[in-house]
Every structure is written in C-alpha cells, then in structure tokens.
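Structure first, commentary second.
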Amino acid sequence: MAKKVADLLVENLVNAGVKRLYAVTGDSLNPINDAIRRDGRIEWIHVRHEEAGAYAASMDAELDGIGCCMGSSGPGHVHLVNGLYDANRSGNPVIAIATTINTDRTGLENFQETNVVKLFDDCSKYCVMANTPQQAANAFQAAIQHAVQHRGVAVVGLPGDVSEAEVDHITVANKNFYTNPIIIPGIEEMEKLAEVINSHKNVMLFCGYGCKEAQEEAMQLAEKLKAPMGYSFRGKIFFDKVSNPYAVGLNGLLGSKSGFKAMHEADLLILLGTDFPYTDFLPEENTIIQIDDKPERIGRRAKVDYGFAGKIKDTLEVLLPMLDENTDDEFLKEMQKLHDEQEEKYASYVEAKSKEKNIHPEFVAAVIDEIAADDAIFTVDTGMSAVWAARYIKGQRNRYLTGSFNHGSMANAMPMAIGAGLSRPDRQIIALCGDGGISMLLGDLMTISQYEIPVKIIIFNNRTLGMVKLEMQVAGYPQWQTDMKNPDFAKVAEAMDIKAWNVEECENVKGTLLEAFAHNGPALVNIFTDPDALAMPPKVEFSQMKGFATTMGKLMLNGQAADAIDTAKSNMKYLKELF
C-alpha cells in the first residue's frame, strides 16, 4: 500500500529510536508536522529558535545515541547550521530534515530558496537532496545509518511537495542497525605496544572522551603502571574525582600546573581516546603513544611515535595482561604532591573570596560542586563559565559534563540543557551560562517554561565578555566593546513563568542555590560575579606576561587607572603566579 513520504519519514525515525524532534513549524514543514501529529509516537518540541533545537537534538544524541531536528524553507533550516556544526564535531548522531520550497520552484531564485547540499555539506557526514518520493525513501534510511555509524550529522533536504507525495515501492531496509564491533590493533601491533610501555618507567596517561566506556580499564592501567592521569576537558568528569588517586588535572588553556608538568616530565605519554587540540601544551621531547578508534586522528596534534587504531576499552582489555607491574611510584607521588598543592591553592582562593562582598565566580562554581547531585548533568557555556567548571566541578558517582568543547560556540549551555532535561527527566540538570551566552538564545527560556523542563540555569553575570577581555589583555590590547548592558535576567525568567532569583552578595549564594536546586520545576539564578576575575593557563609565555603588563600600562595612560587597579586587586593570587 502506498504511503506518503512524510509518513514514511516518521516510521523511519520511530524505528531508529527517535523520541522527540525540535523545530519551528511552517510552510514546507507542515506535511511532516501533520504526520507527526497523526502518528503520535514522537514528541514535537516547539523551540523558539532552530539553533536551540539543533543543540537540544545534539544532547539527545549524546545521551541516547540519536537526535532529530528540523527547519523549514530557507531561514528555518539555515538557523540549524551552528548547532549542527557543534553536533557533527562532537560526534553526536543527529538527523536534520531541511524542508524546502516545492521542486518546480527551485533554481529560479525563488522566495526562501537555498541550496541545501552546499549549505550543510561542511557540517555533516551525509547530505542529500531528495527530489523524488523514491529518492526520499532511500535517503531516510541511508541518512540515519550514516549518522549512527559515522557519529555525526546527516541532513536530508526535502521539498514540501515531495513530503506530500506517495511512494509505493521501497527497496531499502525499513530499520537501522546499531552495530558495536570490537576494534583492537593487530597481534603484532599489540605486542609492540606492550613492549614500548614495558620499556619505560615514568609513564603518564592523558584520557579523553574516548575513555567514556573504558573508565575502569583506564584506572587499572594507571594502577599497573603507577602512572599519573591527566585528562581533557571533555574527559575530566570521568576521572577528576577525589576517589581517583592517579588524577593530576587538566592540561591546556583551562588546565593546571600539575597536569602540564606531569605530561612534560614523563618518559612516555599515552594519549587515550583524545583529540586534544592545543599543540602548544603538548611535549616534544618524550615518547608518545596514541590510541584512537579513528586512526585519521593519530599524530595530527602531537609528534606521536607509535599510533594504534582501536576502541580504548577493547584495546586495554587485551593490553593489561601483557604489561609488567611497575613497582616504582616515585614519579606518581611527585605529581600527586604538585596536584594536591594546586588543589589547595584553588580551595584557599575560594575560601578567601567567600568572605568578600563581591562574588568571585570560583566561589560560585565551588558551591555548585558541593551541593549538586552525585549524578547531575552539567552543560557549560564556552568562555569563562567553562573555566570555572574545568577548575571546580568534580566527578562523582555518575556525574556528566558537556559543552561546546570542539566547536567552541557561545550560547550552547541552555539549549543543551533542554535536550538533557527531556532525555533524563529523573536527573538534576544544571546549565552554567555566561551572560553573553544566555543573551543570544534568551527566547528559548520560553521553551523550557512551556514544556516544564526542570533545568536549573545558573548565570555567571559578569557584565562583560570575560574570555574575550582576557584574550585582549594577554595580547596587549586594552579591552574595548567587551562590556555588556544586560536585562534583569531574573525578571525576564519570571515573566516566562520560571522561578528566579538575583544574587549580589557572597553570603546569599549557597542558600539561593540550594533553594533553586530544590525547586520542583525550572529555575534560574542570576549571580552578579566580579567582572575582573581572571584565569591563568598552566603554561604562561613571556609574550603573555608582556602583553598583560602592556595592557595595564595602556589603561593607566588612558585614564583607566581604576580598571587596572580593580583587575590587580581581584586577581592578586593569580598575578603573583604569573609574574
């Protein structure tokens, strides 16, 4: 029996495990809207901006293995692009349907016409324009299969008239296949891998997101080798725990001295499931092994000596019995001591700032870490919010932390929390937002309100683009056009029927956060943090010191002495370490 293409799409999405989709309906999307309504098995989430929908769908994919978003003709699907870039770079399987004007109108520069394949090609693993009903039937199955197996975005362009058309003969499968192969290096490669590791005494592990399913095996490897363990930002929530005796911290722009030093002083560095992009922070003198299930990544960031293709869990299960036990823990103890000292400095800084009237963001992040649930899911904005999360949010029993770690976009935390809240309604969802980020997609607070998604939105309101301000300072530029005039975010949230608070003094931070976390429904806490708070990377170049000093000098010469003094007063401990 013939089916309409829109109905066939719904059937494919249901069979693939899609539970909901995010879209703003209209014109060419209306036939699919009606098919979703009639079928009843997929929830339609009416977002206020398609970019928010793409981020939310990406979070569905990250947590459940599949996500879906849609955009109507022209502007509707163009708005998806930024969120889809993020999903694709994060390896999240998202199906995006870009509906278009009718087929007989294309190629004539018609109203809302776009070239779907050109538009989405760079932010997807698969992109096709379905110009006939039969082509659409084939494309749906292929798109989902590509997204799942290649871990990324698949886009199908779908004209409105094709959605309404019937298709009576379907030759492709009506389901998708979630395969999970075992991937390990060959026998000779495994022997070489074990040989190299056994021939080195001071070994350091650096674990990325690819270790998500191999946490136990990575810990066993650290124990056997007496190896300090560092981690990327995306991998930190799995290993940055008080209970982990091998943890020595992050490396990179958001890292710590202990994470940086352990990596550089090890004889052998083993990169496990990480595509760590900050080459300037990676060593060049020691031996480096890299293991990744995507072999095209091997060696593109660091001077890798030995590269092996394999899933981390599969590879370590075979490798561990082949390794000699290292009985010398001197290197581990030295790095642990440095890490403990660094953690004490962070804690003492928080303690000191907790007694001041001005609210330092480190204090806020530390309080959130203290009172959040053991299985909380954190989404963090790019910028200074990510800095404080990197420094102070720790792993617990089953915590999860994510953000725009590969694409580096602003405004991601709140829409990601939408997806997390709908995918995991039984868990505490906390979005750590910057005032710059939340401002970009502020309208989708109404999506949270409409669907009563019980997320907790914490705004680090420093009235400035903090990360950009810091970038300018270390480059020697006076900060300009970084200040922000914000609305009263609490009043905005209340107008959208979301419980909200403003916090302007340290003494009110913890109590307000406890009240917000206990609230049965969505909540927003707008915290006015010190705009002059800085965060120093673990590796400071002379050019950065010179640039920072130059900036302070320029501020003084241009009559902004008060700004320079405020910056110094707010960050005296960091400045002592810098100079």
Side-chain angles (χ1 to χ4, degrees), residues 22 45 47-49 51-60 62-63 83 86 90 233-234 237 361 364-365 367-369 371-373 375-390 392-393 399-405 408-425 427-462 466 486 489-490 492-493 496 498-503 509 512-513 515-519 521-527 529:
Y22 303 87
I45 304 298
V47 292
R48 271 43 179 186
H49 195 292
E51 181 179 340
Y55 272 117
S58 179
M59 200 64 201
D60 277 354
E62 192 165 320
L63 295 175
D86 194 90
S90 297
F233 193 3
R234 204 176 180 202
I237 203 67
V364 177
V367 171
I368 292 170
D369 176 66
I371 67 174
D375 65 346
I377 296 175
F378 298 90
T379 62
V380 300
D381 264 343
T382 299
M384 298 306 286
S385 301
V387 174
W388 314 129
Y392 292 98
I393 301 299
R399 281 183 178 176
Y400 189 76
L401 181 147
T402 192
S404 185
F405 296 151
S409 176
M410 291 176 66
N412 60 285
M414 183 266 286
M416 282 182 166
I418 291 174
L422 291 168
S423 294
R424 296 290 185 274
R427 291 173 66 174
Q428 186 182 64
I429 312 297
I430 302 172
L432 305 182
C433 302
D435 51 339
I438 195 75
S439 297
M440 284 185 168
L441 293 172
L442 198 57
D444 271 285
L445 287 177
M446 202 62 234
T447 304
I448 291 172
S449 175
Q450 179 171 335
Y451 294 94
E452 299 180 341
I453 308 170
V455 301
K456 314 306 176 187
I457 300 164
I458 315 302
I459 301 176
F460 288 76
N461 188 352
N462 61 3
N486 293 318
F489 291 116
V492 171
M496 296 184 182
I498 294 174
K499 183 73 173 175
W501 298 260
N502 282 319
V503 181
V509 169
T512 305
L513 287 172
E515 188 177 354
F517 288 178
H519 177 66
L524 181 147
V525 183
N526 178 37
I527 304 178
T529 59

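Only this structure's heavy atoms are used, side chains among them; waters, hydrogens and symmetry mates stay out.
- Between Val525 and Ala516 the shortest heavy-atom distance is CG2-CB, 3.5 Å.
- Looking at Lys456, its side chain never comes within 3.5 Å of a backbone N or O of Leu513 through a donor-acceptor pair.
- Inter-residue side-chain proximity for Trp388 and Val364 is flagged as unmet; no heavy-atom pair is nearer than 4.5 Å.
- Side-chain contact between Thr447 and Tyr22 is absent, with no heavy atoms from C-beta onward closer than 4.5 Å.
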Point to revise | Trace of the side chain to side chain donor-acceptor pair (under 3.5 Å) decision for Tyr55 with Ser409 | key: CA-CA 11 Å; Tyr55 272 117; Ser409 176; 3.0 Å; yes

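- A donor-acceptor contact under 3.5 angstrom links the side chains of Glu62 and Thr402, judged on distance only.
- Under the side chain to side chain donor-acceptor pair (under 3.5 Å) rule, Ser404 has a single partner from Asp86, Thr379, Asn412, which is Asp86.
- Pairing each heavy atom of Phe405 with each of Val380, the nearest pair is CE2-CG2, 3.8 Å.
- A salt bridge between Asp369 and Arg399 is present, with a side-chain N of the basic residue lying under 4.0 Å from a carboxylate O of the acidic one.
- With hydrogens and angles ignored, the 3.5 Å screen pairs a side-chain donor or acceptor of Asp381 with a backbone N or O of Gly434.
- For the pair Trp501/Asn526, no side-chain contact is recorded, criterion being any heavy-atom separation below 4.5 Å from C-beta on.
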Practice item. For side-chain contact (heavy atoms from CB on, under 4.5 Å), just list the numbers for Ile430 and Phe517, CA-CA rounded to whole Å, side-chain angles, deciding distance to a tenth of an Å, and then say yes or no. Key: CA-CA 9 Å; Ile430 302 172; Phe517 288 178; 3.7 Å; yes

Point to revise | Full working for side chain to side chain donor-acceptor pair (under 3.5 Å) between Asp375 and Tyr400 | key: CA-CA 7 Å; Asp375 65 346; Tyr400 189 76; over 6 Å; no

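- Contact between Gly419 and Asp60 at its shortest, heavy atoms only, is O-OD1, 3.3 Å.
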